[in-house]
Amino acid sequence: MISDLLSSLNEQQRAAVTAGDGPVLVLAGPGSGKTRVLTHRVAWLVSEQRIAPWRIMAVTFTNKAAREMRARLEQLLGQDLRGLAIGTFHAICVRILRREAPAIGLNPEFNIFDETDQLAVVKRALEDLKLDEKRFRPQALRSTISKAKNEMIAPQEYTARTYWEEVAGRVYSRYQEILQANSALDFDDLLMQTVLLFRQAPAVRAEYQERYQHILVDEFQDTNSAQYELVRILCGRWRNLFVVGDEDQSIYRFRGADYRNVLRFREEFPNARVILLERNYRSTQIILDAANAVIAHNLHRTPKRLHTDRGQGPSITIYEAYNESDEANYVVEQIRRLSESGAAPLGGCAVMYRTNAQSRALEDAFVAAGMPYRLVGATRFYERREIKDLLAYLRVVHNPNDDVSLGRILNVPPRGIGAQTVNTLDAWAGANAMSYVTALRRLKAGEDGPFTNRARAPLLRFLDLLEGWIDASARLTPAQLLDRILDQSGYTPFVRDGSEEGEDRWANIQELRNVAAGYNGLAGEEGAGPRAALGAFLQEVALVADVDALSDEADAPTLMTLHTAKGLEFPAVFITGLEEGLLPHARALDDPDQMEEERRLFYVGITRAREYLFLTHAFRRRVFASDETAARSRFLDDIPNRLVQGRGARERQEAARAALRRETTWTTGGTGRAVAWAPGQQAATASTLAGNGQQAAPRGSQFAPGDRVRHALFGDGVVISTSLTTDDEEVTVNFAGRGVKKLLASFARLQKL
DNA sequence: AAGTTTCTACTTTTT
DNA sequence: GTAGAAACTT
C-alpha cells in the first residue's frame, strides 16, 4: 500500500520521503508539496522502517497543521498513532514541561501567560523597582525580554551596553522572579525552560534523546535560537533530523526567527543530505514568474527557480484605488465577478493585507454589498475582555498562586474591593513574600493584616467563593465549573446589562463554554480527571492561533494578514494596500534586512494564489484620524509588465488617453463621491481608474448573440447578448439546465463551439 | 467605591 | 476613531 503512496510523488519528493538515516534538509519552494513530503515521510517511517509512532516527533507551525497531519496519517496508515508527538514547538514543550516540571523546581500546574499578562508583570516589575513607565515603556521592555529569551539569554547573562539596557536587565530579573512566584511561564519560557531542563537534567535529556529516534521540523526557516537548540539537543542520540524550509518564506524575524538557522544546520551537519523541491504544483506560470521576479531582489538567499507545467494562466491585475473604501469596493466587486463567472467560488477567494487595521474598510464593503466573509484574526477571540476575565477565574482555580489573574478578577464584577484595598493587599503580600491567595487565607485564619474593617468583608467573601470553586474543580468538568463561576461570581448579570454589546459578549461566553465542553477529562491519554481536563483546556486556549479556527467549509471569501496566510492557498488572491509605508511597512524603510523581510512577505502572498492575482493600492488612505496620500509600493515595480493586464507600453498610452477624455466627468467607481483628480497626476496609473478596475484597452467583440459556447463549470450554452465595457466584454449566456449567467470574457474563458 | 467624563496612545506581523 | 487609562464627580 505504501508503494502506491510513493508512486504519487515526483522524484525529488520521493528522494526526500525515503531518505535514509541521518540529517536531511529539504529546501522546498512554495507549492512544492512539502506538507505532503512531511506526512509521507512519517508514514514511510512507520510502515516501511517499522519505527514505532511514539518514537517520532513532528513539529508543525500551527495546531491546525498538526491536526491535519495526524488525520491524514491515520487515513494513510489506518492505524492508531497514539504517542506520535505532533504539534507546535510550544505545544510539545508544554507537554514535556508538565511532565518534567519537578526536575527544575517548577509547579506542574503552571499557568501560561500571554502578552497581556506579560505586560502586567512588566508593570509590576517597574513598580517594584520604582521606575517610571514613561521612560521605560512596558511594551519595549516586554519585547526586549522576549528577544533575550528567544536567544536563550537568562537574566544573569544579560549584558547591557546602554543605561536603558542596564535597566532592562534589572526589569528582566524582577520579571522572572514574579513569574516564578506566580508559578507561571510566558510563551518564550515554554521554549527556553525546556532547553534549560535538558541542559540541567542529564537523565531527563537522555531519556528524551533515546525516545525520539526521528525528529521532523516544518517551516524550519522560522525557528528561533531556542527552538534550534531544542531540536539540536533532542536529535543528539540518533541524529535523524529532517527539516523542511524555504528561506524565502521566512517572515517571523520579529519574534526571533532567523532563516540563517538553515545555514547553521548545514554547517553543524555537514553530512546532511540536501534535497531541493523546485517544482510547483499550485500556481500558474505567470504567478510564479511574478514571485520569482519579486524575490530575486533579495540579496541574502540561494537563488532558485520555481517552475510549473500548469500553463500561463490569466494575467495579474493591478488596481489603483482612490482611497481605502474604493479599494475595498473594488475587491468585493471583483470577487463577485469571479464567482458569478464561475472562475472561482467565493470560498476560493482570499483578501490579504499587511496590518489587521486594514480589515475594517474591507469588512464595511463586504457588509454593504451583502456578501458574507470570514475574518481571521483582528480582535482575537481569546483577547476579548469577557473571555480573558473568565479565563482568569479558571486560571486562578487551576493555579491559585497566579496573582496576575487573581488581580484581574478580584473586583470584576465590582464587589467592593477597590483600588485602595488591592494596593493594601499587594503591599502586604509583597512584604511577606506570599501570594495574594495566601494573604487572603491568613486573613481568614484570623489575622487582621493592614486592612480596614470595611475592606475585610468583601475580601473574605471573595475567598470563600474561590475556595468553593477550587474544591469543586476536583469533581466538575471545566464547562460545569465555568457555569458555576458565572452563576456565583455575578458575572452573568454583569455582562448582560441589556445592551446589544452585552448580548454579543454573552454570546462570546457561550462560545467559550462550547470549547470548554470539549474537555471532560474522561478518557484522554494525558491523564484523566477534572483537574487534568482543566489544565488541558487552559493550555489549549493559551496556545491557539487564529488560523487554527479557520474552517474550510463556509463558502465565503477569507480576510487575513499576510502572516496568517502562510501555508494556505486559494484560486484567487487579492493583496491590498501595496503602498510605501504599508507594504513595505514604514518600520522597514530604513533597514535593508527588514526590507528583505517585507519582500518575503509579499512573496508569500503572491505564491498563495493558484490562478488569479489582484494587487491593489490606494491613492489616499486613512491612517488613524488623518487622510494621507500614499505612493505605490516599490514592490509593484518589480513585477514585469508582460505579466500584468494592460501594462504593456501600447496599452498604457491608449489607456492614458482614455483617462484624459474622461477626466471632466470622472467620479470614483466605489465611493460614489465625486473626486477631484488633477489632470496628469499619476497619469500612468490613471488607466487603472478608468472603467471599473480592469485596465486592458478596449478590444473588439469576441462573441455575438447566437454563438454556442462552452464553460468549464456551467457546460454548454448559447450567447444571448454581449456588451463591451471599457475594458472587457460582458457576455450573457443561457446554459443548458443552468439558466442565464452573465460572464466576463476575460475571466470565464469561454470556448466557442 | 463606583460611575462618568476626558485624555491618550495606538498600528506591524504571532506562537 | 477607538479602547483603555487617568482624572474627576457622586
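In what follows, chains are A, B, ... by sequence order, proteins preceding strands, each numbered from 1.
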I need the [atom1]-[atom2] distance between [X] and [N], as an integer number of Å.
X      : N      : atom1 : atom2 : answer
A/L583 : B/dT11 : CG    : P     : 19 Å
A/R142 : B/dC10 : CZ    : P     : 13 Å
A/K123 : C/dA6  : NZ    : C1'   : 12 Å
A/N150 : B/dT14 : CG    : P     : 16 Å
A/Q249 : B/dT14 : CD    : C1'   : 17 Å
A/H585 : B/dT11 : NE2   : P     : 10 Å
A/F187 : B/dT14 : CZ    : C1'   : 8 Å
A/E597 : B/dT14 : CD    : C1'   : 12 Å

Could you work out the separation of C/dA6 and B/dT11 based on their C1' atoms and round it to a whole Å?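 Result for the C1' pair: 22 Å, nearest Å.
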
Determine the Euclidean distance between corresponding P atoms of C/dG4 and B/dT13; express it in Å to zero decimal places.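 That atom pair is separated by 16 Å.
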
Residues in ring pair (Phe, Tyr, Trp, His ring centres under 6.0 Å) contact with [X], at least two apart in sequence or another chain:
X      : result
A/H90  : none
A/F366 : A/Y373
A/F602 : A/F635
A/Y393 : A/W469

Please classify the nucleic acid contact of A/Y252 as base, sugar-phosphate, or nothing, using heavy-atom distances under 4.0 Å.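 If one applies the 4.0 Å heavy-atom cut-off, A/Y252 turns out to touch the sugar-phosphate alone, with no base involved.
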
If you look at every strand shown and take non-hydrogen atoms under 4.0 Å, does A/Q594 touch a base, only sugar-phosphate, or nothing?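 Base, at least one base atom sits under 4.0 Å.
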
So, the side chain of A/Q221 versus the backbone of A/D246: is there a donor-acceptor pair under 3.5 Å, distance only?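 Side chain of A/Q221 to backbone of A/D246: a pair is present.
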
Quick check: does any side chain N or O of A/N411 sit under 3.5 Å from a backbone N or O of A/I417, one acting as donor and the other as acceptor?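 Yes, the answer is positive, given that a donor and an acceptor are paired below the 3.5 Å cut-off.
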
Shortest side-chain distance from [X], nucleotide among [options]:
X      : options                : value
A/E115 : B/dT13, B/dT11, B/dT14 : B/dT14
A/A357 : B/dT15, B/dT11, B/dT12 : B/dT11
A/F254 : B/dT12, C/dG1, B/dT14  : B/dT14

Intra- and inter-strand pairs of DNA chain B in dot-bracket (Watson-Crick or G-U wobble, both distances under 3.5 Å; | for another strand): ||||||||||.....

Non-neighbouring partners of A/P138 that pass side-chain contact (heavy atoms from CB on, under 4.5 Å), sequence neighbours left out: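 Here the qualifying residues are A/L119, A/V122, A/K123, A/L126, A/E133.
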
Check side-chain contact (heavy atoms from CB on, under 4.5 Å) between A/A536 and all other residues, then give those that pass, not counting sequence neighbours.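 A/Y519.
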
[N] phosphate, OP1 or OP2, under 4.0 Å from [X] side-chain N/O:
X      : N      : value
A/R587 : B/dT12 : yes
A/T564 : B/dT13 : no
A/N356 : B/dT14 : yes

When every nucleotide of nucleotides 1-9 of chain B is labelled 5' to 3' by its protein contacts under 4.0 Å (heavy atoms), B for base, S for sugar-phosphate only, - for none, what sequence of letters results? SS-------

Qualifying side chain to side chain donor-acceptor pair (under 3.5 Å) pairs with a residue from residues 141-154 of chain A, counting only residues at least two apart or across chains: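 Residue pairs passing side chain to side chain donor-acceptor pair (under 3.5 Å), neighbours aside: A/Q118-A/R142, A/Q139-A/R142, A/S146-A/D188, A/K149-A/Q176, A/K149-A/D186, A/K149-A/D189, A/N150-A/N224.
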
Which residue pairs pass the salt bridge (Lys or Arg N to Asp or Glu O under 4.0 Å) test when at least one of the two sits in residues 583-595 of chain A, sequence neighbours left out?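 Those involving residues 583-595 of chain A are A/R253-A/D591.
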
Please tabulate, for side-chain N and O atoms in residues 577-584 of chain A, each donor-acceptor pair with protein atoms closer than 3.5 Å (sequence neighbours left out).
{"unit_1": "A/E579", "atom_1": "OE1", "unit_2": "A/R621", "atom_2": "NE", "d": "2.8"}
{"unit_1": "A/E579", "atom_1": "OE2", "unit_2": "A/A618", "atom_2": "N", "d": "2.7"}
{"unit_1": "A/E579", "atom_1": "OE2", "unit_2": "A/R621", "atom_2": "NE", "d": "3.4"}
{"unit_1": "A/E579", "atom_1": "OE2", "unit_2": "A/R621", "atom_2": "NH2", "d": "2.7"}
{"unit_1": "A/E580", "atom_1": "OE1", "unit_2": "A/R634", "atom_2": "NE", "d": "3.2"}
{"unit_1": "A/E580", "atom_1": "OE1", "unit_2": "A/R634", "atom_2": "NH2", "d": "2.7"}
{"unit_1": "A/E580", "atom_1": "OE2", "unit_2": "A/R634", "atom_2": "N", "d": "2.8"}
{"unit_1": "A/E580", "atom_1": "OE2", "unit_2": "A/R634", "atom_2": "NE", "d": "3.0"}

Identify the heavy atoms of A/N63 and A/L543 that sit nearest to each other, and give their distance.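 Heavy atoms only, the tightest pair is ND2-O, 3.1 Å.
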
Do A/H90 and B/dT15 have a side chain to base donor-acceptor pair shorter than 3.5 Å?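 Pair found.
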
Which label fits A/H563 and A/F254: parallel for a plane angle under 30°, tilted from 30 to 60°, or perpendicular past 60°?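 Judged by the thresholds at 30° and 60°, the geometry between A/H563 and A/F254 is perpendicular.
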
Do any N or O atoms of the protein come closer than 3.5 Å to N or O atoms of nucleotides 7-10 of chain C, and which pairs are they?
none

